[in-house]
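Accompanying notes for the structure given below.
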Amino acid sequence: MKRVLKIDEWFHPDGFPISVERREPQELFEPHAHEFAELVIVTGGKCLHVTANDSWELTAGDVFVIGGPREHEYRDLVDLRLINILYQPNQLKMGLMDLPSVAGYHALFTLEPSWRTRQPTQGKLHLNNKELAQVVELADRLEIELKAREPGFGFMATAAFMQIIGWLSRCYGRSPSPDGRALLRIGEAISHLERNIHREVNLEELASIAHMSQRSFLRVFQSATGTSPLAWVIAQRINRACHLLRHTDRRVTEVAFDVGFNDSNYFSRQFRKIAGLSPRDYRLRNGVP
Ligand code: RM4
Ligand code: NI
């Protein structure tokens, strides 16, 4: 059976969902998956990075995200040095604010971790020296907070992590690799969908933002996200609806309209399909009368 790195072995017992593991150098490590996600910043040396679907050479400046269940390993290590930032995506308490309008954010943090190959996937985000120095400095700050664990560390560490994510998302936009570009174009389309979540966006619009034909847009979108643009929009809207149902006392019909549906029966059907129960029951179950 393949090895899965466990949350309780790699995170502090206080449950804080971010942890930094420096590897200077990275030693040989058997193939493994994780119960958490892993943001990897390569600071020196080189190696072959092997995942279940593909393998590529790593050198200083390479940055990638491995989604938990995806297996990976490092081979042919030559003084490889890296910083692992381990995090539990669902436990993070950080407001993304306008970050989803940055295409690179989707490319690196939502698309890349689940990128289902058959697409070529050589070197995606690669930082130049200045960019690398900047992100290493932020990672140092994050690590200092996590080590000291003084009162307020959770806030400070989250802020440092947010800076890292924001900075890398911006860097991704300057990423010249063809693969990075493909993810980035889908990222642009997703940012557009997010900004216009309340209205109908048509395929023509999306394909033109991604600079692809409608057919290849659908194909690449599906392979990057595992779903169609329409299903993606509906899932986002239902997600927002869940939030409103839990945190406001807006009526179900109002919530439906708030998140961009114009038919509350259709909304309820879609809600049930995704959440497994009706909006009303969802609200009750979450303790809102
Ligand atoms: C290992 C290696 C793995 C990482 C663990 C936390 O040395 O870098 O990829 O998952 O550390
Ligand atoms: Ni790993």
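Ligands are counted one by one from 1 in listed order, and the atoms in each one are counted from 1 as well. Note that the numbering runs from 1 along the sequence shown for the chain. Being a predicted model, the structure only gives us computed values, none of them experimental.
- Atom-to-atom distance recorded for D79:CG and C47:SG is 11.5 Å, nearest 0.5 angstrom.
- In terms of the ring-ring contact (aromatic ring centres under 6.0 Å, His included) criterion, residue partners of Y74 (sequence neighbours excluded) are, by chain and number, H49, H72.
- No salt bridge links R23 with E27; every basic N to acidic carboxylate O contact stays at or beyond 4.0 Å.
- Rounding to the nearest 0.5 Å gives a distance of 7.0 Å between CZ of R149 and CZ of F16.
- The aromatic ring centroids of Y282 and F271 lie less than 6.0 Å from each other.
- Counting only residues at least two apart or on different chains, the ring-ring contact (aromatic ring centres under 6.0 Å, His included) pairs with a member in residues 191-220 are F217-F221.
- Between E205 and R199 there is a salt bridge, since a side-chain N of the basic residue sits under 4.0 Å from a carboxylate O of the acidic one.
- Salt-bridge annotation for K147 and E143: present, with a side-chain N of the basic residue lying under 4.0 Å from a carboxylate O of the acidic one.
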Show the short N or O contacts, below 3.5 Å, that ligand 1 makes with protein N or O atoms; if there are none, say 'none'.
| unit_1 | atom_1 | unit_2 | atom_2 | d |
| --- | --- | --- | --- | --- |
| ligand 1 | 7 (O) | R23 | NE | 2.5 |
| ligand 1 | 7 (O) | Q26 | NE2 | 3.0 |
| ligand 1 | 8 (O) | Q26 | OE1 | 2.7 |
| ligand 1 | 8 (O) | N84 | ND2 | 2.9 |
| ligand 1 | 9 (O) | H32 | NE2 | 3.0 |
| ligand 1 | 9 (O) | E38 | OE2 | 3.1 |
| ligand 1 | 9 (O) | H72 | NE2 | 3.2 |
| ligand 1 | 10 (O) | H32 | NE2 | 3.2 |
| ligand 1 | 10 (O) | H34 | NE2 | 3.1 |
| ligand 1 | 10 (O) | E38 | OE1 | 2.4 |
| ligand 1 | 10 (O) | E38 | OE2 | 3.2 |
| ligand 1 | 11 (O) | R23 | NE | 3.3 |
| ligand 1 | 11 (O) | R23 | NH2 | 3.0 |

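- Counting only protein N, O or S atoms, the number found under 2.8 Å from the Ni ion (ligand 2) is 4.
- Taking the six-membered ring for Trp and the full ring otherwise, the centers of F161 and Y87 sit less than 6.0 Å from each other.
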